[in-house]
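For reference, the structure is listed below as structure tokens.
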Amino acid sequence: MTELERFLAARDLLLAHRTDHDAASATFEWPALDRFNWALDYFDTIASGNDAPALHIVEESGREAKLSYAQLAARSGQVANFLAGLGARRGDRILLMLGNEVPLWETMLAAIKLGAVVIPATTLLSGDDLADRLQRGKVRLVVTNAAGAAKFAELPPATLAALKLVSVADAPGPGWIDYRASASAPVEFSPAEPTHASDPLLEYFTSGTTAKPKLVQHTQASYPVGHLSTMYWLGLKRGDVHWTISSPGWAKHAWSCFFAPFNAQACVFIYNYARFNGPAILETLVRHQVNTLCAPPTVWRMFILEDLARWPVKLRELISAGEPLNPEVIEQVRAAWNLTIRDGYGQTET
């Protein structure tokens with residue numbers, strides 16, 4: 001069997017036993033992989049000629065962005081060639097500081113194709129925190145939006161001198177490279193050398209709650225392959241519309257808004273809102289027929305302030321992640337929707 005065949009066999013076994021935990025536990029084995037690039041070997045393969053939706057982002061304003069698997073594979077190939085044209089090479093560190101916007105998914109896939117190492121970061125970082133990540137992360141290239149660029153403006157020129165700065169903003173400032181130029185790059189990307197499953201892929205900084213943030217490294221296998229487990233936990237299947245309410249920059253976002261749904265060949269759904277509005281979010285769930293929903297306990301606690309039974313949702317799987325969820329919240333949701341929230345709490349930052 002090829003590496004891809006081993007990966008697909010493991011994935012398909014979990015999908016076949018999606019509702020039979022005992023059978024999945026008894027028969028599943030992690031695929032042994034040597035040379036494996038998840039974006040090139042897996043994603044591009046399942047995306048070829050595939051017009052099924054892969055990413056659907058809805059804004060409060062009503063504006064929407066929707067890309068099929070085929071479109072996302074093509075765009076990520078263009079972005080990979082664009083980044084390579086800027087000098088990005090295998091092993092180079094790319095700081096990815098974006099919100100829930102299309103370039104985040106395009107750039108993640110592109111970086112995997114390149115064999116670059118992604119350091120996700122939140123736009124909430126202070127200037128000092130950002131400078132620390134740039135230095136200790138040995139960052140060579142940055143991809144960010146207007147809010148992120150404003151944080152970089154606070155840093156001394158010497159800190160920025162060795163960086164390639166890419167902006168997804170409509171009007172990049174001086175010194176910034178326009179991300180939109182990637183649209184003219186070739187779609188087909190050919191790596192200079194093969195990717196090994198043991199090569200680094202992601203580096204996350206911990207929150208630094210009790211000490212200085214530490215850098216935690218993940219390989220080309222540990223997240224793309226390891227989060228077959230998240231795919232199973234979320235209860236995903238092909239064609240699902242899946243929404244995890246999560247912010248980029250934290251590992252939970254990569255688990256549940258990237259690798260797990262794409263492993264299942266589901267659609268990643270995002271609704272961007274500035275402030276929680278229960279009726280608006282519930283209406284979004286109904287209108288876009290979301291099948292699987294993962295949300296932090298704070299969201300579930302606010303949901304039960306509404307008359308949930310009034311909303312004819314198409315949900316099949318409910319998941320809570322973060323700190324433990326109150327049992328009474330789980331009971332109220334069950335009474336309204338006849339669905340049980342799976343409460344998966346614990347560390348979600350790396």
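To the nearest 0.5 Å, atoms CG (L130) and CD (Q135) are separated by 12.0 Å. With values rounded to the nearest 0.5 angstrom, I57 atom CD1 is found 6.5 Å from N272 atom CG. Here the CG-CG distance, from L8 to L13, works out to 12.5 Å after rounding to the nearest 0.5 Å. Note that the CG atom of D240 and the SG atom of C267 stand 10.0 Å from one another [nearest 0.5 Å]. Taking OG1 from T144 and CG from L165, the interatomic distance works out to 9.5 Å, rounded to the nearest 0.5 Å. Taking CG of L228 as the start and CZ of F7 as the end, the distance is 4.5 Å to the nearest 0.5 Å.
For the pair T340 and R342, the minimum side-chain heavy-atom distance is 4.5 Å or more. For the pair L114 and F189, the minimum side-chain heavy-atom distance is below 4.5 Å. Put simply, the side chain of P31 does not reach to within 4.5 Å of the side chain of M1, judged on heavy atoms. Looking only at side-chain heavy atoms (C-beta outward), V139 and R133 stay at 4.5 Å or farther from each other. In this structure the side chain of P261 reaches within 4.5 angstrom of the side chain of L236, judged on heavy atoms. You'll find the side chain of R316 reaches within 4.5 Å of the side chain of T292, heavy atoms only. For the pair V329/P297, no side-chain contact is recorded, criterion being any heavy-atom separation below 4.5 Å from C-beta on. Using a 4.5 Å heavy-atom threshold, the side chains of P191 and N37 count as separate.
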Quick one: side chains of residues 276-291, donor-acceptor pairs under 3.5 Å with protein atoms, not counting sequence neighbours, listed by atom name and distance.
| from | atom 1 | to | atom 2 | distance (Å) |
| --- | --- | --- | --- | --- |
| N277 | OD1 | A280 | N | 3.1 |
| T284 | OG1 | A280 | O | 2.8 |
| N291 | OD1 | V241 | N | 2.7 |

Kindly list each side-chain donor-acceptor pair under 3.5 angstrom involving residues 116-128, sequence neighbours excluded, with atom names and distances?
| from | atom 1 | to | atom 2 | distance (Å) |
| --- | --- | --- | --- | --- |
| T122 | OG1 | L124 | N | 3.1 |
| S126 | OG | D129 | N | 3.3 |
| S126 | OG | D129 | OD2 | 3.2 |

- Item | Pair T195-R90, side chain to side chain contact (heavy atoms under 4.5 Å, CB included): steps then yes or no | CA-CA 9 Å; T195 303; R90 180 175 302 278; 3.0 Å; yes
- Query: Given the rule in the side chain to side chain contact (heavy atoms under 4.5 Å, CB included) test, do L15 and R238 qualify, once you have shown the distances and angles that lead to the verdict?
  - Reply: CA-CA 9 Å; L15 292 177; R238 184 177 301 187; 5.6 Å; no
- Task: Apply side chain to side chain contact (heavy atoms under 4.5 Å, CB included) to the pair V168 and T107, showing each step before the final yes or no.
- Result: CA-CA 11 Å; V168 306; T107 306; 6.0 Å; no
- Message: Checking L95 against L163 for the side chain to side chain contact (heavy atoms under 4.5 Å, CB included) test, could you report, in this order, the C-alpha distance in whole Å, the side-chain angles of both residues, the deciding distance, and whether it holds?
- Response: CA-CA 10 Å; L95 186 83; L163 297 174; over 6 Å; no
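Applying the side-chain contact (heavy atoms from CB on, under 4.5 Å) test between F258 and each of L109, N263, V268, T230 identifies L109 as the sole match. Each of F43, W105, W38 was checked for a ring pair (Phe, Tyr, Trp, His ring centres under 6.0 Å) with F259, and the lone residue meeting it is W38.
For the pair K113 and A80, the tightest heavy-atom approach, listed with the atom from each and the gap, is CB-CB, 4.3 Å. The minimum heavy-atom distance between C257 and I270, with the atom names listed, is SG-CD1, 4.5 Å. Listed here is the closest heavy atom pair of F269 and W243: O-CD1, 3.1 Å. Listed here is the closest heavy atom pair of T244 and S256: OG1-CB, 3.2 Å. Taking each heavy atom of L318 and V333 in turn, the nearest pair found is CD1-CG1, 3.6 Å. Considering all non-hydrogen atoms of both residues, L234 and I319 come closest at O-CD1, 3.6 Å.
Within 6.0 Å of CD on E64 lie more than 12 heavy atoms contributed by other residues, nucleotides or ligands. Taking a 6.0 Å sphere around CG of D12, one finds it holds more than 12 heavy atoms contributed by other residues, nucleotides or ligands. Atom CZ of R93 sits in a crowded spot, with more than 12 heavy atoms from other residues, nucleotides or ligands closer than 6.0 Å. Within 6.0 Å of CD in E188 there are 12 or fewer heavy atoms belonging to other residues, nucleotides or ligands.
When atom types are taken as modelled, the side chain of N326 and the backbone of E328 share no donor-acceptor pair closer than 3.5 angstrom. In this structure, the side chain of D20 does not engage the main chain of H17 through any donor-acceptor pair within 3.5 Å. In terms of modelled atom types and a separation under 3.5 Å, the side chain of S76 and the main chain of A73 share a donor-acceptor contact. Judged by distance alone, the side chain of Y204 and the main-chain N or O of G249 form no donor-acceptor pair under 3.5 Å. A donor-acceptor pair is defined here as one N or O able to donate and one able to accept, closer than 3.5 Å; such a pair exists between the side chain of W337 and the backbone of L308. Proximity of a side-chain donor or acceptor of D51 to a complementary backbone N or O of S68 within less than 3.5 Å is not detected. Between the side chain of R6 and the backbone N or O of L33, no donor-acceptor pair lies under 3.5 Å. S229 places a side-chain N or O within 3.5 Å of a backbone atom of G226 that can act as its donor or acceptor partner. For N81 (side chain) and P186 (main-chain N/O), a donor-acceptor pair under 3.5 Å exists by modelled atom type. Under a 3.5 Å cut-off, the side chain of D170 and the backbone N or O of A146 do not form any donor-acceptor pair.
At a threshold of 4.0 Å, the pair E203-K138 does not count as salt-bridged, since none of the basic side-chain nitrogens sits closer than that to a carboxylate oxygen. With respect to E101 and R63, no salt bridge is recorded, no charged nitrogen being found less than 4.0 Å from a carboxylate O. Under the 4.0 Å criterion applied to side-chain N and carboxylate O atoms, K151 and E154 are not assigned as salt-bridge partners.
The distance between the ring centers of W255 and H242 does not fall below 6.0 angstrom. Between Y42 and F36, the gap from one ring centroid to the other reaches at least 6.0 Å.
Among residue pairs with one or both ends in residues 153-188, those qualifying as ring-ring contact (aromatic ring centres under 6.0 Å, His included) are F152-W176; sequence neighbours excluded.
Residues V187 and I46 fall into different hydrophobic clusters, defined by Ile, Leu, Val, Met, Phe, Trp and Tyr side chains chained together at heavy-atom separations under 4.5 Å. Following chains of ILVMFWY side-chain contacts shorter than 4.5 Å, one cannot reach W233 starting from W300, and the two form parts of different hydrophobic clusters. In the hydrophobic clustering of ILVMFWY residues, with side-chain heavy atoms under 4.5 Å counting as a link, L141 and L202 come out together.
In summary, the side chains of Q220 and H196 do not present any donor paired with an acceptor at a separation below 3.5 Å, with no hydrogens or angles considered.
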